[in-house]
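What follows is a short report on a single structure.
These numbers were taken from a predicted model, which means no experiment stands behind them.
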Amino acid sequence: MRQQAVLSRLVGVLLAVWTMSCEEIIAPRAPEASPRAVFEHLWNDVNNRYSFFDEKQIDWEAVRQQYSPLIHENMAPDALFDVLGDMLGELEDGHVNLLSTFNRSRNWSWFEGFPLFYDQQLIEDVYLGTTFRIIGPLHAQTVDNMLYVNYRTFERTITAQHMDEIVRLMQFHEGLIIDVRSNGGGNLQNALNIASRLIEEEVTYARQRFKTGSGREDFTPWADMRIFPHSGEKYLGKVAVLTNRRSFSTTTFFAQMMRTLPQARLFGDQTGGGGGIPVYAELPNGWTYRFSGSQTIDMEGAQLEFGVPADQVLDNPMSIVEGKDRVIEEAIEWLKEDN
């Protein structure tokens, strides 16, 4: 009898668990994760914390009125994703993304429609060849007695040892070319690691502030952004930096660092921008998103969000010499001046 009683209780528990599980399976979507709730959550967070509404002249309330009627309670996840992604696209910001398990929204207006002025195959065939040095993430080769350094992404770490080798090689070269065209950014510390080897004294290159509240002027005070010289060996000669519209985010910051140095010059096209540091959050349905939550300005007050201009602009893509990279060739000509 005792065994029967225990068995009866066990069956009862299992039935209760099974019933609860079935209720969870057939239960309607939780109100806080409904399409309307997800839409409102995203719109409000961007409204409170996005940093460039005034600079880009974006009427976010008008954006809400445009996209809100597209939200309905029975819409499929991919349809909801498309609406939210399109709404975020109104910000025209490369640091704005919506991420789900099935897609990632993005905005590429900062380089779409602009010439690249960069051909990786040409670089490899004509300038790097097969004998280039691999110095961590840097590919280095002697070109017309200049050290040409190609860096594809600031996500790849540059160490003190890497820069020791670059500085050492500069003993045997007349000038330095750093090619960061189509470099989409990465870790700002890597940019500082390069720049710190090119200065003798501390340099202020930009100012930055962060969004702190829902008001359009709710920001921290402006704070200086500085480069501190490395304690070891440095190279203080002329530096040509090559950029294009796909040079984004940290690459824009690096271009601004170089723009403040009297011995450096930017060649190619202005960078794609990306001057806002992204903030991250999660929606009630589990999707994640990011958007710019800060502003960075140069020493004249211009927003880096809109890119850093080149000193010598390649404004005519049809004037490229066949078989040569015109940006590299013009950089070499400048480096040879007064040498």
Side-chain angles (χ1 to χ4, degrees), residues 30 32-56 58 60 63-64 67 71 77-78 80-111 153-157 183-192 206-220 222-223 225 246-254 271-297 303-307:
E32 66 273 10
S34 68
R36 175 59 58 186
V38 170
F39 173 85
E40 294 295 338
H41 182 107
L42 180 60
W43 186 90
N44 279 298
D45 194 22
V46 173
N47 182 64
N48 292 336
R49 296 199 294 156
Y50 185 66
S51 55
F52 292 117
F53 285 124
D54 290 345
E55 288 70 24
K56 296 183 178 181
I58 296 172
W60 194 235
V63 171
R64 180 181 191 171
Y67 287 93
I71 303 296
D78 57 340
L80 175 62
F81 184 93
D82 289 344
V83 172
L84 299 182
D86 289 345
M87 181 176 73
L88 291 175
E90 300 288 342
L91 300 174
E92 295 188 355
D93 189 325
H95 277 146
V96 173
N97 303 99
L98 175 65
L99 179 64
S100 71
T101 57
F102 55 83
N103 203 356
R104 176 185 174 123
S105 74
R106 61 269 183 190
N107 179 273
W108 289 338
S109 60
W110 41 278
F111 70 81
T153 172
F154 278 98
E155 291 181 354
R156 297 193 60 194
T157 301
N183 182 323
N187 190 331
L188 183 63
Q189 186 58 51
N190 291 320
L192 292 168
R207 295 186 176 92
Q208 190 173 61
R209 65 178 183 172
F210 291 84
K211 195 77 164 60
T212 58
S214 59
R216 291 293 183 257
E217 293 301 320
D218 290 343
F219 285 90
T220 61
W222 290 107
M225 302 185 75
R246 286 205 187 198
S247 301
F248 186 72
S249 189
T250 291
T251 316
T252 286
F253 282 75
F254 178 68
T271 68
I277 303 300
V279 294
Y280 296 76
E282 182 175 324
L283 290 171
N285 64 355
W287 296 346
T288 56
Y289 60 98
R290 69 172 189 166
F291 54 82
S292 297
S294 71
Q295 295 181 352
T296 310
I297 57 175
Q303 289 281 351
L304 298 194
E305 174 68 7
F306 303 117

State, to 0.1 Å, how close Asn47 and Phe53 come at their nearest heavy-atom pair, and which atoms those are. O-CE1, 3.8 Å
Any side-chain donor-acceptor pair under 3.5 Å between Asn44 and Arg64? no
Greater than 12 external heavy atoms within 6.0 Å of Trp108's CH2: no
Side chains of Lys56 and Phe306: closer than 4.5 Å at any heavy-atom pair? yes
Between the side chain of Asn183 and the main-chain N/O of Phe154, is any donor-acceptor distance below 3.5 Å? yes
If you look at every heavy atom in Leu84 and Leu98, which pair is closest and at what distance? CB-CD2, 3.6 Å
Please report the interatomic distance CG(Asn187) to CZ(Arg156), rounded to the nearest 0.5 Å. 13.5 Å
Do the side chain of His95 and the main chain of Gly276 share a donor and acceptor less than 3.5 angstrom apart? yes
What distance do Asn48 atom CG and Thr212 atom OG1 have between them, rounded to the nearest 0.5 Å? 11.0 Å
Interatomic spacing from CE in Met87 to OH in Tyr67 - rounded to 0.5 Å: 8.5 Å
Using side-chain contact (heavy atoms from CB on, under 4.5 Å), reason through Met225 and Leu192 one step at a time and then give a plain yes or no. CA-CA 11 Å; Met225 302 185 75; Leu192 292 168; over 6 Å; no
Close side-chain approach of Arg209 and Thr296, heavy atoms under 4.5 Å: no
Point-to-point distance, once rounded to the nearest 0.5 Å, from CG of Leu88 to CH2 of Trp43: 13.0 Å
Under 3.5 Å: donor-acceptor pair, side chain of Trp110, backbone of Gly307: no
Is there a donor in the side chain of Ser247 and an acceptor in the side chain of Thr271, or the other way round, less than 3.5 Å apart? no
Mind listing the closest non-hydrogen atom pair of Gly94 and Phe248 along with its distance? CA-CZ, 3.5 Å
For His41 against Pro284, the heavy-atom pair lying closest together: CG-CD, 3.8 Å
So how far is it from Ser294 OG to Leu304 CG, rounded to the nearest 0.5 Å? 10.0 Å
Using side-chain heavy atoms (C-beta onward) and a distance below 4.5 Å, is Asp218 in contact with Arg49? no
With side chain to side chain donor-acceptor pair (under 3.5 Å) as the test, would you mind laying out the steps for Glu282 and Thr288 before giving the verdict? CA-CA 4 Å; Glu282 182 175 324; Thr288 56; over 6 Å; no
Sub-4.5 Å side-chain heavy-atom contact between Ile277 and Lys211: no
Any chance the rings of Tyr280 and Tyr289 have centres within less than 6.0 Å? no
Is any side-chain heavy atom of Val46 closer than 4.5 Å to one of Trp60? yes
Gln303 and Gln295: side chain donor to acceptor below 3.5 Å: yes
Between Arg106 and Asn97, is there a side-chain donor-acceptor contact under 3.5 Å, judged purely by atom types and distance? no
I would like to know whether Glu217 and Asp54 meet side-chain contact (heavy atoms from CB on, under 4.5 Å); could you show each step before the answer? CA-CA 9 Å; Glu217 293 301 320; Asp54 290 345; 3.6 Å; yes
Check: Phe102 ring centroid to Phe81 ring centroid under 6.0 Å: yes
For Tyr50 against Asp93, the heavy-atom pair lying closest together: OH-OD2, 2.8 Å
So, does Ser105 use its side chain to make a donor-acceptor pair with the main chain of Gly85 at under 3.5 Å? no
Side-chain heavy-atom pair Pro77, Trp287 within 4.5 angstrom cut-off: yes
State, with a plain yes or no, whether a side-chain heavy atom of Ser292 is found less than 4.5 Å away from one of Pro278. no
Give, for atom CD of Glu40 and atom CG of Leu283, the distance between the pair rounded to the nearest 0.5 Å. 12.0 Å
Could you check Phe219 against Ser51 for side-chain contact (heavy atoms from CB on, under 4.5 Å), going step by step and ending with a plain yes or no? CA-CA 9 Å; Phe219 285 90; Ser51 55; 4.0 Å; yes
Close side-chain approach of Val83 to Ile71, heavy-atom, < 4.5 Å: yes
